[in-house]
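In this chain, residues are counted from 1 in sequence order. Indexing begins at 1, ligand by ligand and atom by atom, following the structure's order.
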Amino acid sequence: MNRLIVVSNRLPFALDSTSEDLWTITPATGGLVSAVEPVLRERGGTWIGWPGVAGKIPKGPLAEATCDAGYKVVPVTLSKTERDEFYYGYSNEVIWPLFHDLQNFCSFDPTYWEAYKAVNERYADAIADCSQADDFIWVHDYHLMYVAQALRERDLRAALTFFLHIPFPPYDIFAKLPQQQRLLRALLQFDLIGFQTRRDLRNFLGCVRRVMSDARVVPRRELEVVRFEKREIRLGHFPIGIDFDSFEKGAMSDEVANRSQKLRADFRERQLILGVDRLDYSKGIPERLRAFRNALERYPELRGRVVLIQVVVPSRVEIPRYHEFKQRIDRLVGDINGRFSTSNWLPVQYHFRGFDREDLIAYYRSCDIAFVTPLKDGMNLVAKEYCACRIDEDGVLILSQFAGAAEQLKSGALLVNPYDVEEVADAILKAFRLSDVERTARMKRMRRVVRDENVFWWVDSFLKAGAKLAVQASQGRKKRHVSVAR
Ligand code: ADQ
């Protein structure tokens, strides 16, 4: 197997300085890292990315953080301005909201695009510097959609593959992007493009048809093909999975059993509903809280008998919109607890911090209902992690129909429209009343999918789709080499 080079905006850990020479290293949270890190740890390879600190990167702490990672780490440097305009700007104030259908949250500042291209060029340099002829180059996510174009300009001929972790929007929304054509042209410089769901793939092809008059979509049985500038680009959907066995094993451990027992003891006779999210407006946390409030208002039988445990991990707090968003959540939690709590019942337990893995698994293990209602989500790994940890094959999943995970888990989950507060409130009641037999039947179906289509299956199917390309690229190189030798 060719050497794997993973390229993503962030490395799987973050460096931070508390004073001039004092550095802290924390593991990064988020779906991409949760999925890709175990794979690189197992197979080895190289991870190129930014360690999350603007300016010069200190060599010592970086070496310390990565010495037993099992793979090589190549850091990319960003200045403060680049961080602001590329990362906070184009990536998170243009692409992120737009691709989650939230165009009103976009700030289309033209300087952001220039910064985006410049930083993508930097990543391209890092890739060109450390890659060899037969490497499998796998670029991840929406921050780096321009990298292949930058590499083609450097005449790098290795097969270039890309996976988009977030949704791809339908044309009516994508059309609002000022750089729509330049971005699609850049994406079409990859040889293989993977999406999370059929929906995203369909949306992408729809945009290519409408925006790129010189590209031709050729439908195929397995991978779709786009012909563009005398090249063939393959496209497919590859729903990302989790390391099922490691979550299941974690849920079976004594440590988790103890923590879980303690948690259950604190909430005797009550059903626990769990929400676990990064702080992000796409995750639908205020809508979820309003639905929970609506359920308590309309269904008195739930009062005193359910507790919503909402865990929010801080994220992108430097962006003002995220800060305001946190304040909205705080106010809603205060309102619900102020209105409904009694001397021995607090309806919402709110944690604003990252949980360690054991704690997270203990919560998955202990909570009767998982409440996963993003407004839109590429996949949503929390839904899958919850299923993997239900080792007694019970538990109910309330899942947004707009999460990518809904495509795979619809046979077991209670699907809801997260914007419909009353429908979601009804789903809470339904989940609360669901019989043990039905809980088990539904959970069994979901666990089967999550177990079979796990993260290793995801990597294998993507690499298999890319393997042919790698062979073609190296054959192309050999032919060119022979003709030069003649
Ligand atoms: P994210 O938007 O980060 O990922 P998600 O898929 O839910 O969303 O992954 C979040 C990860 O962070 C999970 O692995 C979860 O365990 C962890 N996490 C969340 N809250 C935590 C907490 N309080 N403490 C500790 N860990 C916590 C992006 C896309 C998703 C897509 C993934 C993977 O937005 O749609 O599923 O990439 O492709």
Side-chain angles (χ1 to χ4, degrees), residues 6 8-10 12 14 26-39 91-92 95-97 99-102 138-143 162-169 194-197 199-200 237-244 246-247 250-251 274-285 309-316 322 326 329 349-365 367 370-389 397 399-400 402-409 450 453-455 458-459 462:
V6 167
S8 65
N9 168 52
R10 296 290 291 263
T26 41
T29 44
L32 190 156
V33 168
S34 311
V36 177
E37 217 271 341
V39 174
S91 302
N92 287 318
I95 298 297
W96 177 271
F99 281 30
H100 286 88
D101 301 353
L102 298 165
W138 191 4
V139 180
H140 289 260
D141 227 359
Y142 62 103
H143 317 83
F162 177 77
F163 183 78
L164 184 68
H165 289 255
I166 65 172
F168 198 91
F195 298 91
Q196 298 271 26
T197 63
R199 169 197 71 187
D200 303 313
H237 75 281
F238 305 88
I240 196 166
I242 59 162
D243 186 349
F244 181 92
S246 105
F247 276 97
L274 178 67
V276 177
D277 307 86
R278 268 191 317 99
L279 178 71
D280 198 282
Y281 47 79
S282 68
K283 301 290 179 185
I285 305 169
I309 301 177
Q310 178 62 57
V311 186
V312 179
V313 63
S315 166
R316 303 177 196 163
Y322 282 72
K326 179 181 178 296
I329 297 173
Q349 280 238 344
Y350 173 42
H351 304 272
F352 185 64
R353 62 192 162 88
F355 271 18
D356 70 24
R357 194 176 154 86
E358 258 85 29
D359 267 337
L360 193 63
I361 295 180
Y363 274 84
Y364 287 145
R365 180 89 189 76
C367 291
F371 203 5
V372 184
T373 54
L375 303 179
K376 190 139 186 198
D377 217 333
M379 178 53 59
N380 195 293
L381 298 181
V382 168
K384 294 187 169 182
E385 291 166 5
Y386 177 71
C387 295
C389 293
L397 174 64
L399 180 62
S400 162
F402 306 125
E407 238 175 49
Q408 288 168 294
L409 302 181
V450 180
E453 299 179 358
N454 62 27
V455 72
W458 170 70
V459 171
F462 191 87

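Counting atoms of ligand 1 from 1 in the listed order, those under 4.0 Å from a heavy atom of G378 are 35 (O). Near G354, the atoms of ligand 1 lying under 4.0 angstrom from a non-hydrogen atom of the residue are 22 (C), 23 (N), 24 (N). Taking every heavy atom of Q196 and a limit of under 4.0 angstrom, the matching atoms of ligand 1 come to 31 (C), 38 (O). The ligand atoms of ligand 1 that sit less than 4.0 angstrom from a heavy atom of R353 are 23 (N). Listed by number with element, the atoms of ligand 1 under 4.0 angstrom from any heavy atom of K283 are 1 (P), 2 (O), 7 (O), 8 (O). For ligand 1, the atoms lying closer than 4.0 Å to a non-hydrogen atom of V311 are 23 (N).
With hydrogens and angles disregarded, a donor-acceptor distance shorter than 3.5 Å links the side chain of Q196 to the backbone of H165. The backbone N or O of C367 sits less than 3.5 Å from a side-chain atom of Y386, completing a donor-acceptor pair.
Atom CZ of F99 sits about 10.0 Å away from atom CG of D200, to the nearest 0.5 Å. Rounding to the nearest 0.5 angstrom, the gap separating the CD1 atom in I240 from the CE atom in M379 is 7.5 Å. In this structure, the separation between CD on E385 and CG on D243 is 10.0 Å, given to the nearest 0.5 Å. In this structure, CG in L397 is found 5.5 Å from SG in C387, a value given to the nearest 0.5 Å. How far CG of D280 is from CG of L375: 9.5 Å, rounded to the nearest 0.5 Å. Between atom CZ of residue F162 and atom OH of residue Y142 there is a gap of 11.0 Å, rounded to the nearest 0.5 Å.
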- Take F355 and Y363 through the ring-ring contact (aromatic ring centres under 6.0 Å, His included) test and state the conclusion after the steps. CA-CA 10 Å; F355 271 18; Y363 274 84; 5.0 Å; yes
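Considering backbone and side-chain atoms alike, F355 places an N or O below 3.5 Å from some N or O of ligand 1. For ligand 1, the polar-atom distance check against E385 finds a nitrogen or oxygen pair separated by under 3.5 Å. The shortest N or O to N or O distance between I240 and ligand 1 is not below 3.5 Å. Geometrically, ligand 1 and V276 share no nitrogen or oxygen pair separated by less than 3.5 Å. At least one N/O-N/O distance between R278 and ligand 1 falls below 3.5 Å.
Heavy-atom distances between H351 and ligand 1 stay at or above 4.0 Å for every pair. Contact between W458 and ligand 1 is absent, with no heavy atom of the residue lying under 4.0 Å from the ligand. Ligand 1 has at least one atom lying under 4.0 Å from a heavy atom of W96.
At a heavy-atom distance under 4.0 Å, only side-chain atoms of Y364, from C-beta outward, approach ligand 1. If you look at L360 next to ligand 1, the close heavy atoms, those under 4.0 Å, all belong to the side chain.
Taking each heavy atom of P314 and G354 in turn, the nearest pair found is CD-N, 4.0 Å.
In this structure, of D277, L381, V36, the residue bringing a heavy atom nearest to atom 5 (P) of ligand 1 is L381.
Outside the 6.0 Å centre-distance limit, the rings of F195 and F238 are not counted as a close aromatic pair.
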